[in-house]
Amino acid sequence: MNMKNSNVAPWAKFRSEMLSSFPSPFRGEKDSLAEGIDEAIRELDKLKPEMEGGAAFLGTNPALTIDFDNVKKSVLGPKMKSSKEVIKDVIKLFEGLPNWGHPLTMNNVNPQGNTAAIVAAILSEVFAPNILEGEYAWNIHQAELESGGILANLAGWEAENAGCVYTYGGSGCWTYHLKYALTRVLPDSRYKGIRTDAKVICSQQAHYTMLNSTDWMGLGMDNIIRIKTDVDTNAMDMRHLEEVLKDCRTKKIPVASVVCTMATTDASAFDPVEEVRDLIEKYPNPQGYGKTLLYCDSVIGWSWIVFKNYNFKTNLLGFSDEVLPYLEKNYNAIKGIFYADAFGVDFHKTGFSPYISSTFVYKNAKEFESLLSRGVPAYLQPRSPYNPLNYTLEVSRAATGSMAGWATLKFFGHEGFQSVLGGILENKVYLQKQIACYPELVCVNPSDYGLVTLVRIYPEGSNARLQFHNELGDPAYRRKLIEHNKLTQAVGDTLFNWFRSGKTINGKCTPYLSFSTGFRAAEYNRELKDKEAVIYAIKIFPLNVSITPEVMDHVLLCVIAARDEVKKNALQCV
């Protein structure tokens with residue numbers, strides 16, 4: 001087909017129409033992107049409740065409307081749609097989605113992203129910098145490089161010798177640490193594969209992603225050794241850890257890594273990193289293997305390092321006397337990451353940024369990057385000194401995470417982080433005081449200083465504190481423990497159903513909460529041989545900046561109301 005004919009061909013007509021739905025590459029032209037974003041934001045805004053008392057989901061229909069039986073039968077349409085039509089279809093999918101910024105949204109570590117981070121992430125999608133190497137990222141690489149420097153400085157490391165890689169969540173951080181560890185300890189594994197059952201050691205409280213990483217990396221889930229945790233602090237038991245390290249040393253079994261959990265999702269447990277480092281040095285790997293890696297899974301707890309320079313005596317931000325010990329204890333717990341070889345950060349958790357903005361931060365950039373180096377493919381030409389595709393798991397890496405995380409660091413600074421985190425704890429302290437006013441409620445994590453409050457609920461007329469004490473420590477109360485676990489789960493399910501249906505209590509909608517099906521084991525079940533002798537609890541994560549003490553009061557009223565509803569339904573079934 002010659003050019004003259006091609007000008008009137010149908011494909012040319014469609015191509016011309018499509019062109020107007022791509023962002024303009026030139027200044028001053030009418031830009032469909034700007035119009036599309038503006039219209040989409042306006043339509044999304046219509047899905048928000050008009051009043052503060054509205055339901056904590058978007059839109060008016062809380063139902064799950066996906067036709068799971070037939071959705072995969074969809075086929076590609078024969079005709080083009082306009083981008084406006086498609087955007088309308090997109091908006092429809094947000095109907096019923098949790099409204100993360102709503103003051104009644106207090107579920108599992110899901111804060112709303114800040115505006116600077118959201119805009120930074122969106123802008124990175126317009127021109128799509130690929131941060132695999134300098135040519136396709138150019139100055140955008142500053143976001144990753146500077147993030148690494150800031151986080152290393154906060155950890156007390158020599159920032160110029162450290163580095164970071166933005167990756168696909170906390171699981172990505174875990175996987176990076178494991179690859180780093182295996183390459184360091186089993187140097188032949190990069191070419192010959194893993195032929196030695198090296199061990200990964202972590203606490204009983206460690207995140208389940210340990211299973212993902214050991215499985216996908218080919219080490220195998222059976223090579224995880226889980227260390228008992230202290231019954232009071234939920235931190236790693238150092239005596240048990242020493243026994244395991246000593247045994248591995250005696251049997252000439254290499255330890256790839258020891259993972260310190262720095263603020264678990266539910267129990268907010270911090271492992272003592274400095275003590276772990278001392279034990280790793282005391283029991284090195286047998287001759288012929290590399291040095292054990294110490295990794296801190298700090299994707300939740302990392303943000304407490306922003307209190308590095310805070311003067312807790314002068315207390316310039318004016319935190320209450322009840323909250324100050326929380327802040328100081330959390331900082332003293334997290335500052336142990338100084339002794340780690342690497343740590344993980346989730347900006348989309350306690351960094352108040354959009355998904356996915358996680359980064360794996362390493363102390364010795366020269367070691368990490370050289371151990372994992374692969375060389376540059378022939379079809380890529382390095383155009384800058386920074387080309388992480390040589391050692392990263394991902395090759396194509398969008399800049400959305402690095403831009404969101406970096407923008408958050410720039411926006412918040414020390415004072416912003418300190419104010420937001422301290423404000424959450426002010427609400428937590430208030431909530432715990434209110435829980436104490438209800439004899440049938442008990443806070444089951446009073447000794448931790450994290451962001452979450454875990455509440456266990458008992459039948460009306462119960463002495464919750466005494467009952468929980470007995471269930472936690474006395475195997476004679478195992479039956480009651482299980483009975484009240486079922487009650488807690490029923491309350492959690494009821495609250496979720498009420499949240500979804502927009503049910504109101506005293507004129508206000510029901511909050512969106514989570515519940516834990518075993519945030520810790522009973523004291524007599526430290527080996528976790530009894531899957532039922534664990535503690536269930538309602539989980540309240542008040543991370544939104546819009547949450548107030550009045551909201552905390554309403555939450556407890558809803559919990560009690562849900563308990564009463566469960567009892568009423570049980571009586572009706574008898």
Side-chain angles (χ1 to χ4, degrees), residues 103 106 109 111-112 114 116-117 150-157 159 232-235 262-264 267-274 296 298-339 343 345-347 349-353 408-437 443 445-454 540-553 555:
M106 285 166 274
V109 210
Q112 185 182 38
N114 69 83
I150 292 171
L151 293 167
N153 268 311
L154 287 171
W157 297 348
D232 295 319
T233 65
N234 292 300
M262 309 301 285
T264 53
S268 194
F270 286 87
D271 291 328
V273 190
E274 184 175 3
C296 282
S298 52
V299 293
I300 292 178
W302 71 272
S303 54
W304 297 113
I305 55 176
V306 301
F307 284 90
K308 178 180 180 179
N309 299 318
Y310 193 75
N311 189 321
F312 294 101
K313 291 183 179 179
T314 57
N315 187 26
L316 291 179
L317 292 179
F319 297 112
S320 67
D321 291 340
E322 293 97 333
V323 163
L324 271 177
Y326 283 55
L327 299 174
E328 190 166 12
K329 185 177 177 68
N330 285 334
Y331 170 67
N332 287 332
I334 194 61
K335 71 180 182 182
I337 60 175
F338 170 80
Y339 298 97
F343 64 92
V345 167
D346 275 358
F347 283 100
K349 288 189 173 74
T350 50
F352 307 90
S353 302
T408 297
L409 292 169
K410 292 289 187 179
F411 170 46
F412 276 38
H414 278 277
E415 289 182 341
F417 275 113
Q418 290 164 359
S419 298
V420 170
L421 293 169
I424 295 169
L425 292 184
E426 294 286 359
N427 279 327
K428 173 177 177 170
V429 167
Y430 177 83
L431 177 62
Q432 289 185 342
K433 287 180 179 178
Q434 300 311 110
I435 291 171
C437 298
C443 174
N445 64 328
S447 60
D448 79 56
Y449 291 80
L451 301 170
V452 64
T453 297
L454 299 171
I540 304 171
F541 248 117
L543 296 192
N544 288 337
V545 294
S546 53
I547 291 172
T548 63
E550 290 74 23
V551 172
M552 299 286 90
D553 291 334
V555 167

Mind listing the closest non-hydrogen atom pair of V306 and H414 along with its distance?
O-ND1, 2.8 Å
Looking only at heavy atoms, what is the nearest atom pair of C296 and M262, with distance?
CB-CG, 3.8 Å
Are the side chains of L421 and N330 in touch, meaning some heavy atoms are under 4.5 Å apart?
no
Is the ring centre of F343 less than 6.0 Å from the ring centre of W157?
yes
Step by step, work out the side-chain contact (heavy atoms from CB on, under 4.5 Å) result for M106 and M552.
CA-CA 10 Å; M106 285 166 274; M552 299 286 90; 3.3 Å; yes
Do the non-hydrogen side-chain atoms of P542 and L431 ever get within less than 4.5 Å of each other?
no
Is there a side-chain contact between F412 and F352 (heavy atoms, below 4.5 Å)?
yes
Between N427 (side chain only) and I547 (backbone N and O only), is there a donor and an acceptor less than 3.5 Å apart?
yes
Could you check whether any side-chain N or O of N114 sits under 3.5 Å from a backbone N or O of A116, counting only pairs where one atom can act as donor and the other as acceptor?
yes
Stepwise side-chain contact (heavy atoms from CB on, under 4.5 Å) check, L425 with L451
CA-CA 6 Å; L425 292 184; L451 301 170; 4.1 Å; yes
Between K335 (side chain) and I305 (backbone), is there a donor-acceptor pair under 3.5 Å?
no
Rounded at 0.5 Å granularity, tell me how far CG in D448 sits from NZ in K329.
9.5 Å
OH-CG distance between Y430 and D553, expressed to the nearest 0.5 angstrom:
3.0 Å
Closest approach of T408 to S353 (non-hydrogen atoms, all atoms of both residues)
OG1-OG, 2.6 Å
Could you check whether any side-chain heavy atom of Q418 comes within less than 4.5 Å of a side-chain heavy atom of Y310, counting everything from C-beta outward?
yes
W302 ring center near F347 ring center (under 6.0 Å)
yes
Once you round to the nearest 0.5 Å, how far does CG of L327 lie from CG of N332?
11.0 Å
Looking at C443 and P446, what are the two nearest heavy atoms and their distance?
O-CD, 3.3 Å
Separation between OG (S303) and CG (L154), nearest 0.5 Å, reads 10.5 Å
Atom CG of N311: over 12 foreign heavy atoms under 6.0 Å
yes
Distance-only, no hydrogens or angles: does the K428 side chain make a donor-acceptor pair with backbone N or O of G450 under 3.5 Å?
yes
Walk me through whether Y449 and W304 qualify under side-chain contact (heavy atoms from CB on, under 4.5 Å).
CA-CA 11 Å; Y449 291 80; W304 297 113; over 6 Å; no
Looking only at heavy atoms, what is the nearest atom pair of K349 and I300, with distance?
CD-CG1, 3.5 Å
Shortest non-hydrogen contact from S298 toward I334
CB-CD1, 4.1 Å
Once you round to the nearest 0.5 Å, how far does CZ of F319 lie from OH of Y326?
14.5 Å
Might you confirm whether atom CD of E415 has over 12 heavy atoms from other residues, nucleotides or ligands at distances under 6.0 Å?
no
Derivation of the side-chain contact (heavy atoms from CB on, under 4.5 Å) call for I435 and T453
CA-CA 10 Å; I435 291 171; T453 297; 3.8 Å; yes
Under a 3.5 Å distance rule, please check whether E426 uses its side chain to pair with a backbone N or O of S320 as donor and acceptor.
yes
Whether N234 side chain and A269 backbone form a donor-acceptor pair below 3.5 Å:
no
Which value, rounded to the nearest 0.5 Å, describes the distance between F270 atom CZ and I337 atom CD1?
10.0 Å
